[in-house]
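As structure tokens, the structure follows; a few thoughts come after it.
Here is how names work: the chains are called A, B, and so on, in the same order as the sequence lines, proteins then strands, and each is numbered from 1.
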Amino acid sequence: MQCFQNGSEIEITGVAEFDLARTFECGQCFRWNADAGGAYVGVAMGRATRIRKDGGSFYLVGTLEDFEGIWRSYFDLDRDYKAIRCALCIDDYMMEAAKYGAGIRILRQDKWEALCSFILSQCNNIPRIKQIIEMLCRLYGEPVEFEGLTYYTFPSAEKLASQSAEDLMPLRCGYRAPYILEAARTVAGGLLDLEALSAGKAGDALTALKELNGIGDKVANCVILFGLHMLDTFPVDTWIRKAISENYGKSFDPSVFGAYAGLAQQYIFHYARNGKKAV
DNA sequence: AAACAGGCCTAAA
DNA sequence: TTTAGGCCTGTT
């Protein structure tokens, strides 16, 4: 991979296995949106940016400093996804799913944002999750100007912790409101240290996260995979449960996918939702 | 109109 | 240890 300033953009060359649409729309993140030209505009890590692909290069709006300090890690650009994808093709079904999802990368998202977002995701569809999160950011995030428009960062746990249940009414997020308030107050108060969890074991993180009201196995594992970036974690939701039972039966152990079970999960999820049905 | 959405919690077998 | 119902809200 090589990168260099090219006008207002950073041009990135030599990156394989990076499909913008699949990566942003496979359900792991909620704040990236396609424009008419196929570029994606998003807000993450306190920054707004645009990324597009043209020819063999990617072009990201921003400084070289931000690219090296934030985006290179955020897009997980130093990992060999092609090799991982090939290793995950352990049978016919996985060959189909991985082929269909080739180019998905697991983003290294902000931990608190992942925690809050996946609490809001429960029993909700993606358009509404995105709508709720945008409202949350507009109300309590910090404004950032980008290309003449105002965007809003994801609010800090501290900022959210100082709100009341009534303050969250405009979100229309229903019974999830007290869940995100409790999470915000626990994180802001230092009782849940997401940085420390990311340095420990996934099992310990699971236990700690599930102590919060409104967080069960599914949400906790999504936080561990997408927020703590522990790529061997395999969240099981209704889509995954259905796909697994149809293709592998009841006694299935995701550890067969090894250290990158989380990427296998994304391939299966994306394929089950958008691709064909079971073989 | 009733059922369902990328769950979770509680109560009851 | 497993199962059923309820939960906010919005869409089909």
**Study point:** Pairing nucleotide - dA11(B), Watson-Crick or G-U, each distance under 3.5 Å
**Key:** dT3(C)
Do [X] and [N] have a side chain to base donor-acceptor pair shorter than 3.5 Å?
| X | N | answer |
| --- | --- | --- |
| K218(A) | dG7(B) | no |
| Y175(A) | dG7(B) | yes |
| R176(A) | dC8(C) | yes |

Give the ring-plane orientation class for [X] versus [Y], where under 30° counts as parallel, over 60° as perpendicular and anything between as tilted.
| X | Y | answer |
| --- | --- | --- |
| W71(A) | Y74(A) | perpendicular |
| F75(A) | W32(A) | tilted |
| F18(A) | F24(A) | perpendicular |

Euclidean distance for [atom1], [N] against [M] (whole angstrom):
| N | M | atom1 | answer |
| --- | --- | --- | --- |
| dT3(C) | dG6(B) | P | 22 Å |
| dA5(B) | dT2(C) | C1' | 23 Å |
| dA1(B) | dC8(C) | P | 22 Å |

Specify the separation, in whole Å, of atom [atom1] of [X] and atom [atom2] of [N].
| X | N | atom1 | atom2 | value |
| --- | --- | --- | --- | --- |
| R172(A) | dT11(C) | CZ | P | 11 Å |
| Q122(A) | dC8(B) | CD | P | 6 Å |
| D217(A) | dT1(C) | CG | C1' | 14 Å |
| N213(A) | dC8(C) | CG | P | 12 Å |
| I129(A) | dG6(B) | CD1 | P | 7 Å |
| E182(A) | dG7(B) | CD | P | 20 Å |
| N125(A) | dA3(B) | CG | P | 19 Å |
| I126(A) | dG7(B) | CD1 | P | 11 Å |

Point to revise | Charged N-O contact under 4.0 Å between D76(A) and R79(A) | key: yes
Practice item. Give a yes or no on whether a salt bridge exists between R52(A) and D35(A), defined as a side-chain N under 4.0 angstrom from a carboxylate O. Key: no
Exercise for review: Taking only the side-chain heavy atoms of D237(A) (C-beta and beyond), determine which of dC9(B), dG6(B), dC8(B) contains the nearest atom.
Suggested key: dG6(B)
Practice item. Please state whether the phosphate of dG7(B), meaning OP1 or OP2, lies under 4.0 angstrom from any side-chain nitrogen or oxygen of N124(A). Key: no
Heavy atoms under 4.0 Å, any strand shown: does [X] hit a base, just sugar-phosphate, or nothing?
| X | result |
| --- | --- |
| G27(A) | base |
| I132(A) | nothing |
| I240(A) | nothing |
| R128(A) | base |

Review point. Quick one: on DNA chain B, does F118(A) or Y179(A) contact a more 5' nucleotide (nearest heavy atom)?
Key: F118(A)
Exercise for review: With the side chain counted from C-beta on, respond yes when W239(A) and I268(A) share a heavy-atom pair under 4.5 Å apart, and no when they do not.
Suggested key: no
